[in-house]
Protein chains: 2
Amino acid sequence: MANIQDVAKKAGVSVATVSRVLNNHSSVTEKTRIKVEKVISELSYEPSMLGRNLRTSESKLLLVLLPSVSNPYYTEIINGIEETAIRNGYNILLCETDSNPERESRYFSLVKNRMADGIISMDPAVNKERLFELAKTYPIVQCSEYDKGADIPFVTINSELAAYHAVKHLIKLGHKKIALLTSDEQFLYARERRLGYERALREFDIEVNKQRIYYAGNIGFENGQQGMRSLLELDDRPTAVFAVSDILAIGALKEINSNGLRVPNDIAIVGFDKISFSNMTYPTLTTIAQPMYRMGSMSATMLINKIQGKHVESIVMDHELVIREST
Amino acid sequence: MANIQDVAKKAGVSVATVSRVLNNHSSVTEKTRIKVEKVISELSYEPSMLGRNLRTSESKLLLVLLPSVSNPYYTEIINGIEETAIRNGYNILLCETDSNPERESRYFSLVKNRMADGIISMDPAVNKERLFELAKTYPIVQCSEYDKGADIPFVTINSELAAYHAVKHLIKLGHKKIALLTSDEQFLYARERRLGYERALREFDIEVNKQRIYYAGNIGFENGQQGMRSLLELDDRPTAVFAVSDILAIGALKEINSNGLRVPNDIAIVGFDKISFSNMTYPTLTTIAQPMYRMGSMSATMLINKIQGKHVESIVMDHELVIREST
DNA sequence: TTGAAAGCGCTAACAA
DNA sequence: TTGTTAGCGCTTTCAA
């Protein structure tokens with residue numbers, strides 16, 4: 001495999017000139033450029049990023065940290081990140097933590113070892129302490145999940161307000177017995193969405209009934225089923241459910257169907273996230289849409305700016321209630 | 001940030017010795033090793049992979065090429081690849097082609113530029129010609145999709161046999177009017193699954209009725225809906241459908257539900273892939289399970305062996321019919 | 001067991 | 001506009 005020396009020799013120029021051609025420096029004459037390009041093509045020369053990276057002390061790789069690629073919530077965000085990364089000459093290293101601290105720590109090493117130039121963290125279960133520590137030395141931004149007061153720029157939506165909108169929509173439809181299907185409150189988004197839920201109820205003088213709040217231990221489909229099962233067993237059954245994620249909502253939907261009840265006639269459902277599958281259920285799911293693609297794209301832009309030493313501000317994006325068949 | 005020189009100086013040894021400590025060479029005395037490790041920890045030294053990579057001419061990155069991360073078919077395979085990669089000191093570069101040749105070519109450059117040590121290709125729409133050409137110079141393996149006669153090792157299942165099993169299952173349930181919901185036959189898997197479908201029918205003396213075969217232009221959920229719609233319009237409506245992917249099957253399921261028909265009473269459905277959602281539908285989907293995780297894991301092992309210059313053989317893995325509520 | 005030194009392939013400062 | 005040269009951080013050969 002040819003290297004820059006071979007090209008220089010064969011073209012009768014110095015390696016510096018070849019490098020200039022490779023990097024489109026304006027100082028090279030047309031004639032020299034043509035000559036060098038001809039040799040490059042003759043030798044099928046491909047510049048080694050390994051050499052360039054060592055020299056420039058960068059890897060042009062962005063590390064994207066997420067709990068699991070199988071969670072459809074992340075797919076559009078990833079698309080946004082990747083598109084923007086590529087447009088700026090970066091590639092992404094998609095890293096699944098599986099909420100496993102050992103894996104997380106291995107991925108953190110990647111940036112310490114210069115294999116990645118920065119991190120976009122989307123893992124709600126990330127070890128905050130270590131993330132904050134790392135952020136002192138390396139460029140990091142958070143996407144979706146974030147931490148108030150931490151000195152890490154983030155991109156997110158207003159979860160409290162979005163939940164408020166979702167629940168208000170159910171109230172406007174005449175529902176009073178509205179259940180909340182949420183997840184462990186160690187996650188900020190769960191706390192905020194509960195607050196939005198409670199605010200909407202209070203605003204319409206509906207009592208917040210603790211029995212109607214189900215805290216799922218995990219965020220899987222089965223947890224949605226299980227939560228719905230226990231809500232259905234209540235003496236005073238709810239007529240509507242607000243789930244803090246589509247996956248939970250889809251679990252609830254299946255449980256309702258399995259009990260011979262109809263959605264939305266017997267029970268209405270609102271989900272959260274607008275994952276692609278929320279459109280494939282029967283009935284389709286009313287849900288809160290986050291501007292996933294733009295969130296990803298914005299995180300990438302922010303991270304790249306941060307890598308380049310620019311100052312970066314956090315940003316809160318808009319959400320949208322998408323009304324479909326389940327309400 | 002400290003480098004290997006700083007460590008050497010402070011420890012009073014040469015950089016060679018520090019390097020030996022880093023790479024666990026046995027020739028270092030316990031005493032020296034302790035001394036060096038102490039300094040490493042004092043300086044919070046982290047070795048730069050950039051320097052190491054240039055020196056060893058490898059990136060320790062595997063490029064994984066797939067059409068889209070949002071296709072749940074790939075998620076378990078990716079898990080298998082990643083786990084195996086990490087265990088062998090590699091990381092993966094997940095690359096979405098979106099079936100876009102320009103993107104594909106940019107990813108191919110990554111391996112030409114030494115940014116990746118090899119490729120696992122899972123994209124059925126990959127440009128065969130260029131892939132074969134690339135495979136002459138760089139380590140490549142194919143997963144799921146493969147090419148007969150090409151000199152590229154692959155991991156796959158026997159699609160023809162799996163389809164045969166799926167259709168035979170429907171026949172055993174008493175179905176005679178069995179439709180096939182398939183995709184464009186430019187893909188090998190579609191051709192093979194049709195052959196399996198036809199073989200099962202012929203074996204039980206059921207005529208292959210061209211009208212009952214729907215070729216979807218694309219592999220999305222909507223294509224499944226649309227295909228089912230046109231199958232429902234047939235004068236002699238099928239009583240069962242075999243879809244070559246779960247996503248198509250889920251589209252079909254929704255269309256059937258929307259027409260007030262019941263699954264499996266009015267129409268039975270078998271899918272293919274056992275994606276996680278196939279368990280979340282109402283009713284749950286009978287489907288063909290591929291050993292996704294093992295396929296991913298095996299591809300990674302094969303690729304790493306290939307990178308290390310070992311000889312690698314292709315492998316055909318087992319599948320399994322998973323009978324659930326839709327039949 | 002350890003050290004000196006070369007060199008992986010490239011970029012960029014400086015000189016011409 | 002082009003060339004010379006140092007050096008990015010590491011591994012490895014050879015010699016001691």
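Heavy atoms only: backbone and side chains are in, while hydrogens, waters and symmetry mates are out. The sequence lines fix the lettering, A, B, ..., with proteins before strands; numbering per chain opens at 1.
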Determine the contact category for N53(B): base if any of its heavy atoms lies under 4.0 Å from a base atom, sugar-phosphate if only primed atoms, P, OP1 or OP2 are that close, otherwise nothing. nothing

Is a side-chain N or O of R103(B) found less than 3.5 angstrom from the main chain of E96(B), in a donor-acceptor match? yes

Considering only distance and modelled atom types, tabulate donor-acceptor pairs under 3.5 Å from the side chains of residues 118-135 of chain B, sequence neighbours left out.
unit_1: D123(B); atom_1: OD1; unit_2: A125(B); atom_2: N; d: 2.9
unit_1: D123(B); atom_1: OD2; unit_2: T97(B); atom_2: OG1; d: 2.7
unit_1: N127(B); atom_1: OD1; unit_2: E129(B); atom_2: N; d: 3.1
unit_1: N127(B); atom_1: OD1; unit_2: R130(B); atom_2: N; d: 3.1
unit_1: K128(B); atom_1: NZ; unit_2: D147(B); atom_2: OD1; d: 3.4
unit_1: K128(B); atom_1: NZ; unit_2: D147(B); atom_2: OD2; d: 3.4
unit_1: R130(B); atom_1: NH2; unit_2: P101(B); atom_2: O; d: 3.4
unit_1: R130(B); atom_1: NH2; unit_2: E104(B); atom_2: OE2; d: 3.3
unit_1: E133(B); atom_1: OE1; unit_2: K136(B); atom_2: NZ; d: 3.2

Does N3(A) use its side chain to pair, donor to acceptor, with the backbone of Q5(A) at less than 3.5 Å? yes

Please determine whether the number of non-hydrogen atoms from other residues, nucleotides or ligands lying under 6.0 Å from atom CD1 of I219(A) exceeds 12. no

For a quick test of reading the model: is some side-chain N or O of R52(B) closer than 4.0 Å to OP1 or OP2 of dT11(D)? yes

Is T84(B) reaching over with its side chain to a backbone N or O of G80(B), donor-acceptor style, under 3.5 angstrom? yes

Could you state the atom-to-atom distance from NE2 of H25(B) to P of dC10(D) in whole Å? 14 Å

Can you check the E30(A) CD to dT1(D) C1' distance for me, whole Å? 14 Å

Rounded to whole angstroms, how far apart are OH on Y45(A) and P on dG9(C)? 9 Å

Polar side-chain atom of D117(B) near backbone of L62(B) as donor-acceptor pair, under 3.5 Å: no

If I take atom NE2 from residue H311(A) and atom CE from residue M302(A), how far apart are they, to the nearest 0.5 angstrom? 9.5 Å

Ignoring hydrogens and geometry, is there a side-chain-to-backbone donor-acceptor pair from N100(B) to E102(B) under 3.5 Å? yes

When rounded to whole Å, the CG to P distance for the pair L50(B) and dG7(C) reads 22 Å

Over how many whole Å does the gap from K35(A) atom NZ to dT1(D) atom P extend? 14 Å

Check: Q186(A) main-chain N/O paired with D184(A) side-chain donor or acceptor under 3.5 Å: yes

Report, as a single string ordered 5' to 3', how protein heavy atoms within less than 4.0 Å touch nucleotides 2-8 of chain D: B base, S sugar-phosphate only, - not at all. BBBBBBB

In whole angstroms, how far is the P atom of dG9(C) from the CD atom of E58(A)? 20 Å

dG9(D) C1' sits how many Å from M115(A) CE, rounded? 14 Å

Please report, rounded to the nearest Å, how far the C1' atom of dG3(C) is from the NZ atom of K9(B). 16 Å

Using five base pairs at each end to define the local axes, how bent is the helix from dT1(C)-dA16(D) to dA16(C)-dT1(D), to the nearest 10°? 40°

Is S48(A) touching bases, backbone alone, or none of the nucleic acid, heavy atoms closer than 4.0 Å? sugar-phosphate

